[in-house]
Chemist: 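Have a look at this one before I ask anything.
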Amino acid sequence: MVVKTAASVLEKFSTRRENLIPMLQKVQEVEGFISPESIKLISDKLRISENEIYGVSTFYAQFRFTPPGEHSIYVCMGTACHVKGGQQILNMLEYELGIKEGQTTEDGRFDLNRVACLGCCALAPVIKIDDKIYSQMSVLKLMDVLEKYTQSVEVTDE
Amino acid sequence: MSKTALNKRRKTAEIKWKSLEENKKPILFFGAATCGNAAGAQETIKAAKKTLKEIGVDADIIEVGCIGPCYLEPLMDIKPPGKPRICFSNVNEEKAEKIIKRFFLKDEIPKLGLVGHFGDNGDYGDDIPRFYDHPMIKPQVRIVLRNCGIIDPSEIDHYLARDGYVALESVLSKPWEETLDLIKQSGLRGRGGAGFPTWKKWKFCRDVESDQKYMICNADEGDPGAFMNRSLIEGDPHAVLEGLVIAAYTIGASKAYIYIRAEYPLAISRLEKAISQMEELGLIGENILGSGFNLEIKIKEGAGAFVCGEETALIASIEGNRGMPRTRPPFPAVAGLWGKPTIINNVETLGTIANIIRRGADWYTDFGTEACKGTKTFSLVGRVRRTGLIEVPMGTTLRKIIFDIGGGLFKPFKAVQTGGPSGGCLSEEFLDMPVDYENLAKVGSIMGSGGIIVLDKDTCVVDLAKYFLKFTQQESCGKCVPCRVGTRHLVNILEKITKGEGELSDLEKLEKLGESIKRSALCGLGQTAPNPVLSTLKYFRDEYLAHIIDKRCPAAVCRDLVVFRIIPEKCTGCQACVKVCPTGAITGPRSEPHNLDESKCIKCRACYEVCRFDAIAGDAIEIVSGEDKS
Ligand SMILES: Cc1cc2nc3c(=O)[nH]c(=O)nc-3n(C[C@H](O)[C@H](O)[C@H](O)COP(=O)(O)O)c2cc1C
Ligand code: FES
């Protein structure tokens, strides 16, 4: 597989301002986060100051500015999940991983994030690890799921 | 594509659909929308394929969208040759194997997870019920959701075979005035929250002279706890797209955008696929169906900002800026995207349009109330038995929605929250109120986009108000002071109360501050942000008082006001809780009541859950608050 870089994926965009957010999204998709270098690349290409790009990108919750962990955990903090105990799930994850939401574990295995709603509210509470959604979570179920990811080095969605 | 070519294609599509209905070999349908997948549908599909292979049954597999009762997912339907589909619920891998084997090897219809069949009465004898007689489905009227869970959303032919794009064809052959008039007659109001008459908005835009106009579909669905729009797009993307093209034609726009939240990857890919199918058939592009009308559709992914559901913020976001709302007027219908006249409609509004055009305004106005016509989709979630997506006529009562369709609660009812972070909490006395825009607004809540969250006695309304305020405070774009600073203060006061440090005067402060934010904030986000606090203060004041005076959380939710306790008389000493406690707060030898060291307890609930589900005693751990906390 060819490793895509920010520079290579940015090529296909035109220099219209409207492409700023799609460019940031694409960069994050291939690099996992928005680095100062990619901000500079976008700035040169769109002729918008780096300052302004930071202004736009920090406005949106989607963008992160530090490298993600090997596995990204998203805890749904939507209303349906909240009333079914989503906060407990987040607390437990913070305790088990020893980090706060928004941080990455020291060994780089996990990053922990909150998300506003994953659209599976009828199966609340839910969490997402990488691209897989786990529904109807409980603290106990969470412990089982986490174990899957901490024990084996390679967990695929299969 | 010309009209004749489309009609030819429709004929082929109808033949395809018919051969599906009169199938020669069995077909298995799986609900594989995001919710189905989250419940494990993909694993079930794999298991089903394996079993079919093992027993040598040649069957087709079709992935469909969500048909509504998400609590029954994963759903699997088996359609024997030439007979109606039979739906099974909660089909995990193991169950799939069992059901398939019994069905095909023993030639029986297993009762295991059986929901019902999609045919007419008696198609399968008397002991197999009809799917549409299921108590969650029967009271519903499915107009917008008519294809969801029925058709393969990735097949444009399925949509065409079910009268897809008939409405577009008819609209394009007439002057725009006729469509506008029809939508006016239908009384359709925007489903995005405000309920503004759709035709009026369209007319504003139509009446403005401009070289360029834009049509935007708002698929941002920011209300956390609501998923109607996601479900519709995933289950029937062409229904939304057909509405979008019709709207664009009526207002005279040649460019359209779909602004969709990035958290919905499946919905985005369904849209991408559907748009490319439309391109192939010439349903978008130049000279659509020979009418001379041109339209280009682009998808824009949101980036995780609730306020971007607000139309002026949404426009700023598409333009590549921070998603900050601006004051209106000028309204987007006059000066919107890049200063050009722009109409923004919600997914469900657009999903309704083709139905109205096909079946007529009179048919549509038969549903609903005097002021609100038609149907509304709701996501019914929270502490109700049957959770999922439903569609009912406007004016249906909350009682019918929660108790008939939703099957009631497991524990006593406390409140229902509608309208998301901008809405309010309603108590039992409002259950018989017919749901429409005006009624909900009158009692301090709103319709919003259609989230209904049911709360039982184990939900703390003060905690819920704090939750919503934290959400709006975090999502406030920061442009206006009342919202940026005001919501922060509301959160601080609520934090204080839920910690047991509140004072009586705080209640008055909440009310005063809430009212002034409502009056002075710039956009809808701030103007409605205090609703969750104000409505709970009005209908559930005693719960605030319990937190303030008794330092007690009646629902035993607020962390600082509860303790976990082992009831020695009930504890059998099975050690289940000792094993799961992450901090070692619980100790004790086997067969003797265990001890819980409060100073080590982080209140994670692991022991509480394990005692209820896995332990011998079942209810030996309690969470208590207030006077019984001793
Ligand atoms: C803070 C805020 C968030 C909103 N979020 C959404 C949303 O997620 N989806 C939506 O369709 N409308 C949302 N709206 C309403 C839109 O501004 C707009 O009224 C609506 O999309 C118009 O479509 P309609 O006429 O079809 O209802 C929001 C409004 C506000 C103030
Ligand atoms: S509230 Fe958690 S998925 Fe919607």
Side-chain angles (χ1 to χ4, degrees), chain A residues 16-25 28 46 48 52-53 55-63 74 76-89 91-92 95-96 114-124 126 128 131-136 138-143 157-158, chain B residues 34-35 37-40 70-71 73 221-227 230-231 262-265 267 300-306 317-324 379-383 387-389 417 420-421 451 453 455 459 464 467-468 471 477 580 582-583 602-606 609-610 613-614:
Chain A
R16 287 170 60 105
R17 163 88 195 211
E18 112 179 74
N19 284 329
L20 173 55
I21 294 170
M23 283 166 122
L24 289 163
Q25 286 169 328
Q28 180 152 312
L46 294 185
I48 304 174
E52 196 174 340
I53 297 177
V56 171
S57 52
T58 51
F59 182 86
Y60 296 97
Q62 188 186 17
F63 301 116
Y74 297 86
C76 178
M77 289 283 120
T79 319
C81 290
H82 178 81
V83 305
K84 290 269 188 101
Q87 185 65 45
Q88 306 278 358
I89 304 286
N91 291 349
M92 193 61 187
Y95 181 82
E96 286 287 322
R114 50 194 295 152
V115 51
C117 173
L118 293 167
C120 299
C121 326
L123 301 169
V126 302
K128 187 168 104 169
D131 286 328
K132 177 149 182 68
I133 297 180
Y134 294 89
S135 60
Q136 292 176 313
S138 65
V139 176
L140 293 175
K141 220 168 141 184
L142 174 68
M143 288 175 166
D157 284 349
E158 302 307 299
Chain B
T34 302
C35 44
N37 288 342
C70 302
Y71 78 111
E73 290 184 304
E221 191 149 71
D223 174 359
F227 57 96
R230 166 188 74 67
S231 246
E263 289 87 343
Y264 288 174
K300 282 273 177 184
E301 282 180 42
F306 171 65
S317 179
I318 293 184
E319 290 171 348
N321 297 312
R322 288 164 72 94
M324 308 265 231
S379 65
L380 183 58
V381 299
R383 299 189 172 241
T387 54
L389 178 69
Q417 206 279 343
I453 293 157
L455 313 174
T459 340
L464 190 69
Y467 160 80
F468 279 123
F471 178 86
C477 78
V580 297
T583 62
I602 55 165
K603 302 176 185 176
C604 73
R605 283 175 87 94
E609 280 176 16
V610 86
F613 301 118
D614 296 338

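In what follows, every chain begins at residue 1, and chains take the letters A, B, ... in the order their sequences are listed.
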Chemist: Would you compute the distance between atom CD1 of B:Ile453 and atom SG of A:Cys121 and round it to the nearest 0.5 angstrom?
Modeler: 7.5 Å

Chemist: Could you report the tightest heavy-atom contact between B:Ala606 and A:Val139, atom names first, then the distance?
Modeler: CB-CG1, 3.7 Å

Chemist: How close do B:Arg322 and A:Thr58 get, counting heavy atoms only, and between which atoms?
Modeler: NH1-OG1, 4.2 Å

Chemist: Among A:Ala80, A:Ser138, A:Pro22, who wins on heavy-atom pairs under 4.5 Å with chain B?
Modeler: A:Ser138

Chemist: With a 4.5 Å cut-off on heavy-atom pairs, point out which of B:Ser317, B:Cys70, B:Ala305, B:Gly451 contacts chain A the most.
Modeler: B:Ser317

Chemist: What distance separates B:Arg605 CZ from A:Asn91 CG, expressed to the nearest 0.5 Å?
Modeler: 11.0 Å

Chemist: Out of curiosity, A:Ile48 CD1 to B:Asn321 CG, how far, rounded to the nearest 0.5 Å?
Modeler: 8.0 Å

Chemist: Would you mind telling me which of B:Ser231, B:Gly382, B:Gly222, B:Pro265 has the largest number of heavy-atom pairs within less than 4.5 Å of chain A?
Modeler: B:Gly382

Chemist: Contact part of A:Val83 toward chain B, heavy-atom cut-off under 4.5 Å: side chain, backbone, both or neither?
Modeler: both

Chemist: Quick check on B:Ala226 against chain A: is it the side chain, the backbone, both or neither that has a heavy atom closer than 4.5 Å?
Modeler: backbone

Chemist: Is there a side-chain contact (heavy atoms from CB on, under 4.5 Å) between A:Met77 and B:Phe471? Walk through the geometry before answering.
Modeler: CA-CA 9 Å; A:Met77 289 283 120; B:Phe471 178 86; over 6 Å; no

Chemist: Is A:Ile133 in contact with chain B via its backbone, its side chain, both, or neither, using a 4.5 Å heavy-atom distance?
Modeler: both

Chemist: Select one option (side chain, backbone, both, neither) describing which atoms of A:Ala124 are under 4.5 Å from chain B's heavy atoms.
Modeler: neither

Chemist: Using non-hydrogen atoms and a 4.5 Å limit, figure out which bit of A:Gln136 sits close to chain B: side chain, backbone, both or neither.
Modeler: neither

Chemist: What's the spacing between A:Lys84 NZ and B:Thr387 OG1 if we round to 0.5 Å?
Modeler: 6.0 Å

Chemist: I need the residue from B:Cys477, B:Cys604, B:Gly323, B:Gly420 with the largest number of non-hydrogen atom pairs under 4.5 Å to chain A.
Modeler: B:Gly323

Chemist: So, does A:Tyr60 use its side chain to make a donor-acceptor pair with the main chain of B:Gly302 at under 3.5 Å?
Modeler: no

Chemist: For the interface with chain A, which of B:Leu464, B:Ile602, B:Thr459 has the highest count of heavy-atom pairs at distances below 4.5 Å?
Modeler: B:Ile602

Chemist: Closest heavy-atom contact between B:Ala262 and A:Gln62?
Modeler: CB-NE2, 3.7 Å

Chemist: For A:Gly119, is there any backbone N or O sitting under 3.5 Å from a side-chain donor or acceptor partner on B:Arg230?
Modeler: yes

Chemist: Tell me whether B:Glu263 contacts the main-chain N or O of A:Val115 through its side chain, where contact means a donor paired with an acceptor under 3.5 Å.
Modeler: no

Chemist: Against chain B, label A:Ser57 side chain, backbone, both or neither, depending on which of its atoms sit under 4.5 Å from a heavy atom there.
Modeler: neither

Chemist: Ignoring hydrogens, what is the shortest heavy-atom contact between A:Cys120 and B:Cys35? Give both atom names and the distance.
Modeler: SG-CA, 4.0 Å

Chemist: Given heavy-atom pairs under 4.5 angstrom as the criterion, report whether the side chain, backbone, both or neither of B:Phe613 touches chain A.
Modeler: neither

Chemist: Pick one of side chain, backbone, both or neither for B:Glu301, based on which atoms fall under 4.5 Å of a heavy atom in chain A.
Modeler: both

Chemist: Please evaluate residues A:Lys141 and B:Glu609 with respect to the criterion salt bridge (Lys or Arg N to Asp or Glu O under 4.0 Å), reporting the C-alpha separation (whole Å), side-chain torsions for both, the decisive distance (0.1 Å), and the verdict.
Modeler: CA-CA 10 Å; A:Lys141 220 168 141 184; B:Glu609 280 176 16; over 6 Å; no

Chemist: Between B:Phe227, B:Phe306, B:Tyr71, B:Tyr264, which has the largest tally of heavy atom pairs under 4.5 Å with chain A?
Modeler: B:Phe227

Chemist: Looking only at non-hydrogen atoms, find the nearest pair between A:Leu20 and B:Gly320 and report the distance.
Modeler: CD2-O, 3.5 Å

Chemist: Work out which heavy atom in A:Leu123 is nearest to a heavy atom in B:Glu73; give both atom names and the distance.
Modeler: CD1-OE1, 4.1 Å

Chemist: Chain A heavy atoms under 4.5 Å from B:Glu221: which part of the residue, side chain, backbone, both or neither?
Modeler: neither

Chemist: Would you check if the side chain of B:Tyr467 reaches a backbone N or O of A:Thr79 as a donor-acceptor pair within less than 3.5 Å?
Modeler: yes

Chemist: Without hydrogens or angle criteria, can the side chains of A:Tyr95 and B:Thr583 be said to hold a donor-acceptor pair below 3.5 Å?
Modeler: no

Chemist: Identify which part of B:Lys603 has an atom lying under 4.5 Å from any heavy atom of chain A, answering side chain, backbone, both or neither.
Modeler: backbone

Chemist: Select, from B:Gly304, B:Ser379, B:Ala38, the one with the greatest count of heavy-atom pairs under 4.5 Å involving chain A.
Modeler: B:Ala38

